[in-house]
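Here the structure is a predicted model, which is why all the values come from computation and not from measurement.
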Amino acid sequence: MASSRAPSFVFLLLIVGCTARPFHPLPSKNNADGSRQPLQTFRPFNIAHRGSNGELPEETAPAYVRAIEEGADFIETDILSSKDGVLICFHDVTLDDTTDIANHKEFANRKRTYEVQGVNMTGFFTVDFSLKELKSLRVKQRFSFRDQQYNGKFEIITFEEFISIALGAPRVVGIYPEIKNPVFINQHVKWSSGKRFEDKFVETLKKYGYKGSYLSKDWLKKPAFVQSFAPTSLVYISKQTDLPEILLVGDINIPTQDTNQSYWEITSDSYFDYIKKYVVGIGPSKDTVVPAVNNHLQTPTDLVTRAHAHDLQVHPYTYRNENLFLHLNFSQDPYEEYDYWINKIGVDGLFTDFAGSLHNFQKWTSAKPSGDKGDRRASKLLREISLLVSSYKRA
């Protein structure tokens, strides 16, 4: 893979030229031999949810570059497919909400109605467009209250382009791809030799050298978590790769998309005993870990405690800076939210739309276990200051 390093990094720099500010590489320990600063493993993982999508349109190359710049440990993406079987980075099975498809009159006759997870959906589906056609679209910000200046500037990227961004980073950055809506994709996209969506997904990971169990030497060189809401897909993939997998857990009212199991079934102790043979952790919605009523947090559930008892990590989603998403307990302060989830609930990773905020919080409040006493004292002092400030604001 050494031969692909230079082209991918050039690609990375070209991409960033499209953004409003230049790319400033994070501090790294690049030596003459080309080694890179390793992935940190001493504190909860900072998982950039769809890139730094709090600032830039989700799942775009600039959003991922920004997340790396801001300190993300992993860049997260959703994998779907084009009509011609090319894996792409896109969250929704329809293009309506986050692209300019409505402005493309040449595609007006492509609107369809399909059943997705038992519900009829109408829109423009990725599976009805070739990669070339998808590349003609431009992505826009999902939320109207976020920065709109980048709407229409960036294209949809492929899974391979996403990987090249991670591999071209100035330090080791992991990838965290989700195999999205596999039941739907397998129904509508057919590959040669009877291959499935999951097969193409694993083939792509192997092509770029992603392999190894959690924290193995191979994994630390090219870290990756594979995630899905579909348990059968994770079991199927586990037979083709030893990469660590995460079972995503949705709202308590939403059954699994492939096995039709309830939230209560897949978070039971007996199910944890079963699924831990295939996954290293779970990725629950944070409101299933700590319920909220009228935007106030209630008593935490025992989900994290029980998952840890079964040697499963917990990576909740999604952490967002805006007041709209912050529970009132946190006094409109995202750092207080991070403090609560990391130091009280004890999670092992966090999906965030604002990787820079989480990175700053962790940088200011934690020290490497192997660091010198001065570093630890400074970190402890900063932690005490942040708690004093938080106490003052609540008073």
Stepwise salt bridge (Lys or Arg N to Asp or Glu O under 4.0 Å) test for R306 and D269: CA-CA 7 Å; R306 289 193 299 105; D269 287 322; 3.1 Å; yes
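- Looking at heavy atoms from C-beta onward, P231 lies in side-chain contact with L247 at the 4.5 angstrom threshold.
- The shortest side-chain heavy-atom distance between K83 and F129 does not fall under the 4.5 Å cut-off.
- Taking the six-membered ring for Trp and thresholds of 30 and 60 degrees, H310 and F272 have ring planes more than 60 degrees apart, a perpendicular arrangement.
- Here S136 pairs with nothing under the side-chain hydrogen bond (donor to acceptor under 3.5 Å, both in side chains) rule; sequence neighbours left out.
- Considering only heavy atoms from C-beta on, H49 stays 4.5 Å or farther from F354 through its side chain.
- Using bins of under 30°, 30° to 60° and over 60° for the plane-to-plane angle, the ring pair H327/F330 lands in the tilted bin.
- Side-chain contact between Y340 and P300 is present, with heavy atoms from C-beta onward closer than 4.5 Å.
- Other residues, nucleotides and ligands contribute only 12 or fewer heavy atoms inside 6.0 Å of the CG atom of N294.
- The aromatic rings of F184 and H188 are tilted relative to each other, their planes meeting at an angle between 30° and 60°.
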Working for ring-ring contact (aromatic ring centres under 6.0 Å, His included), residues Y274 and Y278: CA-CA 8 Å; Y274 160 73; Y278 307 102; 5.5 Å; yes
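- Between E55 and R66 there is a salt bridge, with a side-chain nitrogen of the basic residue lying less than 4.0 Å from a carboxylate oxygen of the acidic one.
- Hydrophobic clustering (side-chain heavy atoms under 4.5 Å, transitive across Ile, Leu, Val, Met, Phe, Trp, Tyr) keeps V183 apart from I254.
- A salt bridge links E161 with K135: the closest approach of a Lys/Arg side-chain nitrogen to an acidic carboxylate oxygen falls below 4.0 angstrom.
- Applying the ring pair (Phe, Tyr, Trp, His ring centres under 6.0 Å) test to residues at least two apart or on different chains, none of the pairs has a partner in residues 234-269.
- Taking 4.0 Å as the cut-off between side-chain N and carboxylate O, E133 and R110 count as a salt-bridged pair.
- Note on E337 versus R320: no salt bridge recorded, every NZ/NE/NH1/NH2 to OD/OE distance being 4.0 Å or above.
- The aromatic rings of W341 and Y319 stand perpendicular to each other, their planes meeting at an angle above 60°, with 30° marking the opposite boundary.
- Between the side chain of D84 and the main chain of L131, a donor-acceptor pair closer than 3.5 Å is present.
- Between F197 and W191, the ring-plane angle classifies as parallel under the 30° and 60° cut-offs.
- Annotation: the span from D242 atom CG to K211 atom NZ amounts to 9.0 Å, rounded to 0.5 Å.
- Taking the side chain as every heavy atom from C-beta outward, K111 and F125 never approach each other to under 4.5 Å.
- The ring-ring contact (aromatic ring centres under 6.0 Å, His included) with F351 is formed by just one residue from the set F74, F45, Y176; it is Y176.
- By the side-chain hydrogen bond (donor to acceptor under 3.5 Å, both in side chains) test, Y210 pairs with no residue at all, sequence neighbours left out.
- Under a 4.0 Å N-O distance rule, the pair K206/E203 does not qualify as a salt bridge.
- In terms of the side-chain hydrogen bond (donor to acceptor under 3.5 Å, both in side chains) criterion, residue partners of S268 (sequence neighbours excluded) are, by chain and number, S270.
- In this structure, Y335 and F361 have tilted ring planes: the angle between them lies in the 30° to 60° band.
- By the rule that hydrophobic residues join a cluster once side-chain heavy atoms approach within less than 4.5 Å of another member, V347 and L326 end up as members of separate clusters.
- The existence of a salt bridge linking K344 and D339 is excluded, since no basic side-chain nitrogen approaches an acidic carboxylate oxygen closer than 4.0 Å.
- Residue F143 is found in a hydrophobic cluster whose other members, listed by chain and number, are F145, L324, F325; membership requires side-chain heavy atoms under 4.5 Å apart, directly or through intermediates.
- For N109, there are no side-chain hydrogen bond (donor to acceptor under 3.5 Å, both in side chains) partners at least two apart in sequence or on another chain.
- Taking 4.0 Å as the cut-off between side-chain N and carboxylate O, D353 and R142 do not count as a salt-bridged pair.
- With contacts defined as side-chain heavy-atom distances shorter than 4.5 Å, the pair T305/H308 does not qualify.
- In this structure, S82 and T126 have side chains that are not in contact, with every pair of non-hydrogen atoms separated by 4.5 Å or more.
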